[in-house]
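One structure is given here, and the rest of the page talks about it.
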Amino acid sequence: MTVGSAAGAADGEHAERFTLLRPLLFTIAYEILGSATEADDVLQDGYLRWSQVDLGTVRDTKAFLAQLITREALKVLRTRSRRREDYVGPWLPEPLLLEDHDPESDVVLAESVSMAMLVLLETLSPDERAVFVLREVFDFDYDEIAGAVGKSVPAVRQVAHRSREHVRARRKRFDPVPAAQTTELAEEFIHAATTGDLDRLLSLLAPGATFTTDHGGKAPAVARPVEGAKKVANLVMGFFRNRHRVPDLRLEATNCNHAPAVLVYTGDHLEAVVLLEIVDGAITNLYATRNPDKLAAVAAPRTITR
């Protein structure tokens, strides 16, 4: 075998191993960052580093790549944490359009990408978040996590305990919505809002329902979260009562982050994603993403795994 053909074979094996684990690596990066766009960038940078690795030194490809991707994600997360103070308005994770996957088949995975959990993970430090994700969601060993975050095993155990207790104290109840019902619930919400059926809309909302909009100062939006079923219903109805002003407005029911969601289009341009959090059959939170930078990744369904 010539030097050129040997190098080509190695490149092929690098690509094959990385591609096989890509859904897992994307899921890790997305949960650490709460951003599909940044997760894609991390995977791209991670692959460039991986392509230079001598495969003869790799004993466990999954652990090696998980560590590599975690380190890359932490670099991004630490930089972003320093500039978060300048963000205009509430900050929400990027919504994730999912391939068909029944959340009841893996409740741990479904909860880990739920909007409520991702919002909660934002309250952790970068190291706490990475350790929590790797340990509690993906069940990596402490020594593997230590290699990913650059800490000793005893330190990682302490961080894991601290982050686990923090999440446990603030964790909301998670009710997985069967895949077959997500679109149906979103369509029911759309019908009530667009037909002006206020009573029906109120019946879908929990008494303390909250509407939060992430706009980043780049789109018209409600500046602060709106709380209470009546206020939320009036807000939603007000928007749709004025829809005649936008004749090419189009709404589409879908599934984001294992929850019913509504895609709001003007023609073919995606204007917003409204994700509906369901507990006990009622909508407890409406998370609306209007920042165009966060809508770019909502173009094609993603595959997640653990």
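More than 12 heavy atoms of other residues, nucleotides or ligands lie within 6.0 Å of CD in E165, so this atom counts as buried by the packing criterion. In the displayed structure, R78 atom CZ is contacted under 6.0 Å by more than 12 heavy atoms of other residues, nucleotides or ligands.
Both the sub-6.0 Å distance and the 45° axial angle are not jointly satisfied by R164 relative to the ring of F132. Under the 6.0 Å distance and 45° angle rule, K62 counts as a cation-pi partner of F140.
A salt bridge is defined here as a Lys NZ or Arg NE, NH1 or NH2 lying under 4.0 Å from an Asp or Glu carboxylate O, and K218 with D293 meets this definition. Of the charged side-chain nitrogens involved, none lies within less than 4.0 Å of a carboxylate oxygen, so that R157 and D143 do not count as a salt-bridged pair. Between E122 and R129 a salt bridge is recorded (basic side-chain N to carboxylate O distance below 4.0 Å).
In this structure, a donor-acceptor pair under 3.5 Å is absent between the side chains of R162 and H166. Checked by atom type, the side-chain pair Y287/N257 shows no donor-acceptor distance below 3.5 Å. T37 and E94 are linked by a side-chain donor-acceptor pair at a separation below 3.5 angstrom, with hydrogens and angles left out of the test. Remark: the T210 side chain and the E227 side chain contain no N/O donor-acceptor pair separated by less than 3.5 Å. Side chain to side chain, N291 and Y87 meet the donor-acceptor criterion of an N or O pair below 3.5 Å.
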Legend entry - From CA spacing to verdict: side chain to side chain contact (heavy atoms under 4.5 Å, CB included), S35, R80: CA-CA 11 Å; S35 167; R80 192 181 68 190; 4.2 Å; yes

Legend entry - Derivation and outcome, salt bridge (charged side-chain N to carboxylate O under 4.0 Å, His left out), residues E13 and R17: CA-CA 6 Å; E13 187 172 354; R17 293 195 195 185; 2.6 Å; yes

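Across G89 and H215, no two heavy atoms sit closer than the pair CA-NE2, 4.0 Å. Annotation for A233 and L198: closest pair CB-CD1, 3.7 Å, computed over non-hydrogen atoms. The two residues G46 and I69 make their nearest non-hydrogen contact at CA-CD1, 4.1 Å. Annotation for S114 and F174: closest pair CB-CE1, 3.8 Å, computed over non-hydrogen atoms. Scanning all heavy atoms of the two residues, the minimum distance from P126 to L77 falls at CA-CD2, 3.6 Å.
A distance of 11.0 Å separates CZ in R135 from OG in S163, rounded to the nearest 0.5 Å.
Partners of R22 by salt bridge (Lys or Arg N to Asp or Glu O under 4.0 Å), not counting sequence neighbours: none found. Residues forming a salt bridge (Lys or Arg N to Asp or Glu O under 4.0 Å) with D268 (at least two apart in sequence, or on another chain): R250.
Taking the six-membered ring for Trp and thresholds of 30 and 60 degrees, H14 and W50 have ring planes more than 60 degrees apart, a perpendicular arrangement.
Just one residue in the list K172, R173, R171 forms a side chain to side chain donor-acceptor pair (under 3.5 Å) with E111, and that residue is R171.
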